[in-house]
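We're numbering straight along the sequence, starting at 1. Since this is a predicted model, take the numbers as computed values, not measurements.
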Amino acid sequence: MSSADTGDIARVFRQESGRAVATLVRLFGDIDIAEEAVQEAFVVASERWPATGLPPNPGGWITTTARNRAIDRLRRESSRHDRQAQAALVHERDEVQEAGPVRDDRLRLIFTCCHPALATNVQVALTLRLLGGLETDEIARAFLVPEATMAQRLVRAKRKIRDANIPYRIPRDAELPDRLRAVLTVVYLIFNEGHRASAGNDLVREDLCAEAIRLARLLVELMPDEPEAVGLLALLLLTESRRPARVAADGSIVLLPDQDRARWDRALIVEGQDMVRACLRRGQPGPFQIQAAIGAVHADAATAADTDWRQIVLLYDQLLVVAPTPVVALNRAVAVAEVDGPDAGLAAIDGLDLDTYPPFHISRAELLVRAGRPDDALAAYDRALDLVTNSAERRFLLERRELAAAG
């Protein structure tokens with residue numbers, strides 16, 4: 001059996017830690033116990049696997065090892081009359097009875113993390129930590145806060161879940177509508193982190209994209225008549241359909257206009273477009289449905305030149321009404337530039353308060369090049385380079401900057 005290197009172990013952690021944590025939360029009813037036991041299991045793996053190689057089922061090995069570590073720890077604490085530890089051991093023996101039609105550990109954990117007792121930004125951060133396998137410093141960068149601040153938020157969130165006895169379950173039907181928006185947002189952000197990783201060497205984290213799509217499918221199964229759940233799934237499928245063409249063989253980024261559309265996944269496009277049409281028939285537009293419709297317009301174009309940018313601008317106008325955020329305004333400005341030219345796009349971009357958001361500076365730089373303002377473009381590229389932490393994206397920006405400097 002071949003040995004496993006640190007890259008193999010890191011890949012297993014990214015792919016399996018969320019599943020293992022969710023399973024242990026179901027078994028023990030305690031997030032801290034679950035998270036610490038999974039971390040301990042990966043420490044054991046890092047000691048053993050370089051010599052023994054990956055086991056046939058690495059995720060199962062991690063979950064079993066973590067469960068045994070948690071039981072050993074709880075028994076030690078129970079011997080000191082720790083009532084919480086005793087209760088957790090009892091909980092581990094009693095299978096959780098799920099009230100809803102979907103039985104999935106990770107979906108249960110998302111609903112726990114997205115309980116309305118927690119602030120929205122904390123809901124997202126905690127879910128990314130527990131299910132996305134992101135380290136605290138990665139989440140802190142995504143939220144543009146110091147690592148110590150994010151660590152404190154996560155600790156307080158887990159303490160609040162424990163102290164308030166927030167249930168680890170999928171809510172009953174009557175509770176679902178009030179909880180759905182936060183859960184949809186979290187699944188969307190998990191996909192975004194996979195689609196454009198905030199750190200690391202690769203642009204894409206395929207494991208997170210796949211997990212977000214899986215969870216979105218479960219949400220549609222749970223609420224088939226909720227158009228925003230269907231819209232989210234359509235958006236993820238249409239975005240994922242372009243992934244095979246987004247990265248060249250050498251790992252470099254390929255921009256949308258330069259992508260080989262023959263490499264787009266037609267099956268995902270057909271499935272996503274069917275869902276968009278179903279949403280349109282319902283006549284209840286929401287942010288995810290509108291974004292999915294934008295994705296469908298892109299998918300309709302056989303070439304970049306065939307893209308109906310005027311229709312995309314109209315859709316962004318509609319999106320701004322229901323989701324008036326600076327990021328939506330930025331994306332609209334990029335579409336405006338395709339219709340009315342780079343100066344019009346820059347006029348729409350320059351008033352936005354997005355200085356710490358890398359895509360803002362990247363978009364400005366690209367439009368400044370097109371507008372014949374290379375010096376301003378170089379400054380915008382430099383600001384973007386100050387902010388990005390993903391290696392693939394840095395390489396891309398350095399290449400684009402060199403092209404702009406060369407004129």
Side-chain angles (χ1 to χ4, degrees), residues 5 7-8 10-11 14-15 134 138 141-142 190-213 235-270 272 294-307 309 312 330-331 334-335 337-338 342 357-370 374 377-378 380-407:
D5 60 23
D8 294 325
R11 175 179 53 80
R14 288 195 304 270
Q15 294 176 349
L134 271 68
E138 294 176 300
R141 283 197 296 270
I190 290 173
F191 182 87
N192 272 0
E193 178 60 31
H195 181 71
R196 188 173 188 164
S198 59
N201 294 321
D202 300 321
L203 176 68
V204 177
R205 284 189 56 182
E206 295 179 23
D207 55 317
L208 285 185
C209 292
E211 177 64 4
I213 290 172
L235 171 61
L236 301 193
L237 294 176
L238 289 166
T239 306
E240 176 69 5
S241 72
R242 301 195 294 268
R243 179 174 56 79
R246 287 182 65 223
V247 181
D250 63 358
S252 60
I253 297 172
V254 182
L255 295 176
L256 181 61
D258 303 322
Q259 290 176 11
D260 177 2
R261 298 185 179 216
R263 298 186 64 200
W264 288 4
D265 189 321
R266 300 309 304 179
L268 292 182
I269 289 173
V270 169
I294 293 169
V297 174
H298 281 295
D300 275 336
T303 68
D306 295 330
T307 304
W309 285 105
I312 290 174
L330 171 64
N331 292 330
V334 172
E338 296 297 327
Y357 185 58
F360 169 75
H361 298 285
I362 297 169
S363 299
R364 281 195 76 246
E366 296 287 321
L367 292 181
L368 286 164
V369 169
R370 288 171 53 188
L378 294 179
Y381 280 126
D382 287 339
R383 178 59 180 148
L385 284 163
D386 287 340
L387 295 170
V388 299
T389 53
N390 179 280
S391 298
E393 198 162 22
R394 285 190 63 82
R395 290 193 300 272
F396 166 78
L397 288 175
L398 288 169
E399 291 169 2
R400 301 297 286 186
R401 189 190 187 286
E402 288 177 8
L403 288 173

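Scanning for side chain to side chain contact (heavy atoms under 4.5 Å, CB included) contacts around Asp386 gives Arg383, with sequence neighbours left out. Arg196 meets the side chain to side chain contact (heavy atoms under 4.5 Å, CB included) test with Leu203, Pro359, Ile362, Glu393; sequence neighbours excluded. For the side chain to side chain donor-acceptor pair (under 3.5 Å) test, no residue two or more places apart in sequence or in another chain qualifies with Asp258. For Glu240, the side chain to side chain donor-acceptor pair (under 3.5 Å) test picks out Arg243, with sequence neighbours left out. Residues passing the side chain to side chain contact (heavy atoms under 4.5 Å, CB included) test with Glu399, sequence neighbours excluded: none. Under the rule for a side chain to side chain donor-acceptor pair (under 3.5 Å), the partners of Asp300 that lie at least two apart in sequence or sit in another chain are Gln273. Every residue two or more places apart in sequence or in another chain was checked for a side chain to side chain donor-acceptor pair (under 3.5 Å) with Glu402, and none qualifies. Partners of Arg395 according to the salt bridge (Lys or Arg N to Asp or Glu O under 4.0 Å) rule, which considers only residues two or more places apart in sequence or in another chain, do not exist here. For Asp265, the salt bridge (Lys or Arg N to Asp or Glu O under 4.0 Å) test picks out no residue, with sequence neighbours left out. Residues that satisfy the ring pair (Phe, Tyr, Trp, His ring centres under 6.0 Å) test with Tyr381, not counting sequence neighbours, are absent from this structure. Scored by the side chain to side chain contact (heavy atoms under 4.5 Å, CB included) test, Leu256 finds Arg242, Gln259, Arg261, Trp264, His298 as partners (sequence neighbours excluded).
Heavy atoms only, all atoms of each residue included: Asp202 and Ala392 are closest at C-CB, 4.2 Å. The two residues Leu387 and Pro358 have their closest heavy-atom pair at CB-CG, 3.7 Å. Ser241 and Ile269 get closest at one heavy-atom pair: OG-CG1, 3.4 Å. The nearest pair of heavy atoms linking Pro374 to Ala404 is CB-O, 4.1 Å. Looking at every heavy atom in both residues, Ala380 comes nearest to Arg364 through CB-NH1, 4.1 Å.
Checked options Val254, Leu255, Val204; the residue passing with Arg246 is Val204 (criterion: side-chain contact (heavy atoms from CB on, under 4.5 Å)).
Inter-residue side-chain proximity for Glu193 and Ile190 is flagged as unmet; no heavy-atom pair is nearer than 4.5 Å. Counting only heavy atoms from C-beta outward, the side chains of Leu330 and Tyr357 approach each other to under 4.5 Å. Side-chain atoms of Leu397 and Val388, non-hydrogen and from C-beta on, do get closer than 4.5 Å to each other. With contacts defined as side-chain heavy-atom distances shorter than 4.5 Å, the pair Thr307/Ile312 qualifies.
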side-chain contact (heavy atoms from CB on, under 4.5 Å), that's the test. Do Asp382 and Arg401 meet it? Break it down for me.
CA-CA 8 Å; Asp382 287 339; Arg401 189 190 187 286; 2.6 Å; yes
side-chain contact (heavy atoms from CB on, under 4.5 Å) for Leu208 and Phe191? Distances and angles first, verdict last.
CA-CA 6 Å; Leu208 285 185; Phe191 182 87; over 6 Å; no
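Of the possible donor and acceptor atoms, none in the side chain of Thr239 sits under 3.5 Å from a partner among the backbone N and O of Leu236. Here the side chain of Arg205 pairs no donor or acceptor atom with the backbone of Ala197 at under 3.5 angstrom.
A distance of 12.0 Å separates CG in Asn390 from CZ in Phe396, rounded to the nearest 0.5 Å. Here the SG atom belonging to Cys209 is positioned 11.5 Å from the CG atom belonging to Leu237, to the nearest 0.5 angstrom.
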